Amino acid sequence: MPRMLIGSSLKMYFGRARTLEWTRAVAAICADHPAVRGGLVEPFVIPTFPSIPDVVPIATDARMLVGAQDLHWEDAGAFTGEVSALELAEHGVALAEIGHAERRAMFGESDATVALKVAAALRHGIAPVLCIGETREGAPDDAAAACIRQLEASLALARETDAVGRLVVAYEPVWAIGAPRPAGDDHIRAVAGALRAHLADDALDAQVIYGGSAGPGLLPRIADSVDGMFLGRFAHDPAAFGAILDEALELQVAR
Ligand SMILES: O=C(CO)COP(=O)(O)O
């Protein structure tokens with residue numbers, strides 16, 4: 001089984017103290033866990049910008065990657081409030097979320113700005129965690145077609161510049177984010193499977209992970225179609241993170 005990416009964005013849920021407490025607890029679980037020690041799972045955490053410098057050493061000791069929740073496409077200049085991919089790379093950031101549904105809905109993120117950000121991340125050796133997903137619940141075929149259109153619009157600039165590197169595609173159906181439960185297993189498997197097939201021989205080294213009310217119990221049901229899990233609220237209890245690592249390990253043992 002290829003290496004799985006399992007991690008969480010803390011969004012803006014926690015302040016500084018709770019971010020560090022959560023990261024220390026999850027790092028302790030990861031540092032001891034056979035799925036992480038054996039290289040089966042790459043865990044990651046995506047805190048707020050100001051917590052990144054404190055989170056990096058804790059995470060790195062536990063072989064966890066650290067991500068940012070956004071970035072700006074320019075390297076420097078008069079862009080008040082923004083953070084460049086260049087500076088994030090200096091801080092040891094390995095991943096950057098780009099185009100999360102909350103940013104698209106609340107902060108005017110468009111496919112055009114997403115494409116600029118994806119290219120900037122790749123230019124600085126940061127793997128984009130490119131968030132895509134259909135807005136309304138519907139047939140899996142329609143969702144897959146919409147996601148592939150969104151994916152290609154987001155990659156337009158990277159493709160024009162022949163960018164190479166690692167790409168993480170986070171399939172997050174918008175209607176399943178912040179919901180009581182994730183999208184149905186068959187829906188996730190169909191859309192994630194179509195995205196994987198679309199990216200199979202890509203110049204970018206792509207993985208597809210699922211997010212949207214994901215928690216313990218989901219991975220074993222969708223593991224044939226995804227390369228990992230993108231967790232939100234249901235990883236706020238560090239034990240839940242550990243439970244999902246257990247599931248990843250059991251899946252490998254079962255194969
Ligand atoms: O948006 C998500 C991860 O980026 C998912 O969040 P929830 O799991 O809290 O719905």
Side-chain angles (χ1 to χ4, degrees), residues 2-11 14 19-20 22-31 33 35-75 82-100 103 114 116-132 154-155 158 163-172 199 202-211 214 226-232 235 241 244-245 248:
R3 183 177 260 224
M4 271 198 272
L5 259 178
I6 295 176
S8 180
S9 162
L10 302 180
K11 304 197 183 189
F14 300 164
T19 294
L20 297 184
W22 183 93
T23 304
R24 286 195 187 99
V26 172
I29 292 168
C30 289
H33 202 285
V36 178
R37 295 171 70 97
L40 170 67
V41 171
E42 247 180 326
F44 69 89
V45 52
I46 307 188
T48 57
F49 285 131
S51 289
I52 287 173
D54 287 331
V55 163
V56 164
I58 303 169
T60 306
D61 283 351
R63 302 188 209 196
M64 295 178 79
L65 301 176
V66 178
Q69 297 184 13
D70 190 19
L71 53 74
H72 193 269
W73 57 86
E74 293 289 345
D75 288 354
E82 297 293 315
V83 181
S84 69
L86 173 69
E87 185 183 347
L88 292 170
E90 288 174 339
H91 280 282
V93 162
L95 308 168
E97 268 184 279
I98 299 176
H100 188 276
R103 296 214 59 82
V114 167
L116 285 162
K117 292 178 180 190
V118 167
L122 290 167
R123 199 167 70 237
H124 289 289
I126 292 176
V129 180
L130 172 56
C131 301
I132 58 171
S154 307
L155 292 177
V164 289
R166 182 177 189 183
L167 170 71
V168 180
V169 174
Y171 169 50
E172 302 205 307
L199 288 162
D202 208 88
L204 294 162
D205 184 10
Q207 287 172 287
V208 177
I209 63 177
Y210 172 79
V226 299
D227 305 300
M229 302 265 279
F230 195 12
L231 307 159
F241 201 106
I244 296 169
L245 296 180

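Quick note: residue numbers are just sequence positions, from 1. The basis for the numbers below is simple: all heavy atoms, side chains too, and nothing from hydrogens, waters or symmetry mates. Bear in mind the structure is a predicted one, so any value in this text is a computation, not a measurement.
- For His33, there are no ring pair (Phe, Tyr, Trp, His ring centres under 6.0 Å) partners at least two apart in sequence or on another chain.
- Summarising the geometry, atom CZ belonging to Phe241 is positioned 4.5 Å from atom CE belonging to Met64; distances are rounded to the nearest 0.5 Å.
- For the pair Val66/Val45, a side-chain contact is recorded, criterion being any heavy-atom separation below 4.5 Å from C-beta on.
- Residues passing the side-chain contact (heavy atoms from CB on, under 4.5 Å) test with Ala206 are Leu167, Leu199, sequence neighbours excluded.
- In this structure, Gln69 has no side chain to side chain donor-acceptor pair (under 3.5 Å) partners at least two apart in sequence or on a different chain.
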| task | List the steps and the verdict of side-chain contact (heavy atoms from CB on, under 4.5 Å) for Leu130 and Leu155. | result | CA-CA 9 Å; Leu130 172 56; Leu155 292 177; 4.2 Å; yes

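- Side chain of Asp227 to backbone of Ile209: no donor-acceptor contact under 3.5 angstrom is found.
- The structure places NZ of Lys11 at 10.5 Å from CD1 of Ile46, a figure rounded to the nearest 0.5 Å.
- For the side-chain contact (heavy atoms from CB on, under 4.5 Å) test, residues two or more places apart in sequence or in another chain that qualify with Leu116 are Trp73, Leu157.
- By the side chain to side chain donor-acceptor pair (under 3.5 Å) test, Asp202 pairs with Arg159, sequence neighbours left out.
- Of all non-hydrogen atoms in Glu74 and His72, the two that sit nearest each other are N-ND1, 3.0 Å.
- Checked against side chain to side chain donor-acceptor pair (under 3.5 Å), Ser154 has no partners two or more places apart in sequence or in another chain.
- For residues 86-96, there are no salt bridge (charged side-chain N to carboxylate O under 4.0 Å, His left out) pairs, not counting sequence neighbours.
- With rounding to the nearest 0.5 Å, the separation of SG in Cys131 from OH in Tyr171 is 13.0 Å.
- Heavy-atom minimum distance, Ala235 versus Ser8: CB-OG, 4.0 Å.
- Closest approach of Ala203 to Val164, counting heavy atoms only: O-CG1, 4.4 Å.
- Within the 4.5 Å cutoff, no side-chain heavy atoms of His124 are placed close to those of Leu71.
- Between the side chain of His91 and the main chain of Val93, no donor-acceptor pair closer than 3.5 Å is present.
- The nearest pair of heavy atoms linking Leu95 to Val168 is CD2-CG2, 4.4 Å.
- Listed by first and then second residue, the salt bridge (charged side-chain N to carboxylate O under 4.0 Å, His left out) pairs involving residues 59-73 are Asp70-Arg103, Asp70-Lys117 (not counting sequence neighbours).
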For residues 47-57, dump all side-chain donor-acceptor pairs below 3.5 Å to protein atoms at least two apart in sequence or in another chain.
| residue | atom | partner | partner atom | Å |
| --- | --- | --- | --- | --- |
| Asp54 | OD2 | Arg16 | NE | 3.2 |
| Asp54 | OD2 | Arg16 | NH2 | 2.8 |

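- Residues Leu231 and Ala214 come closest through the heavy atom pair CD2-O, 3.7 Å.
- Phe230 and Phe44 have tilted rings, their planes meeting at an angle from 30° to 60° on a 0 to 90° scale.
- Rounding to the nearest 0.5 Å places CD1 of Ile6 at 12.5 Å from CG of Leu65.
- For Glu42, the salt bridge (charged side-chain N to carboxylate O under 4.0 Å, His left out) partners are Arg3, Arg166, not counting sequence neighbours.
- Here the CG atom belonging to Leu245 is positioned 13.0 Å from the CZ atom belonging to Arg37, to the nearest 0.5 angstrom.
- Contact record, Ala248 with Leu40: O-CD2, 3.5 Å, taken as the closest heavy-atom pair.
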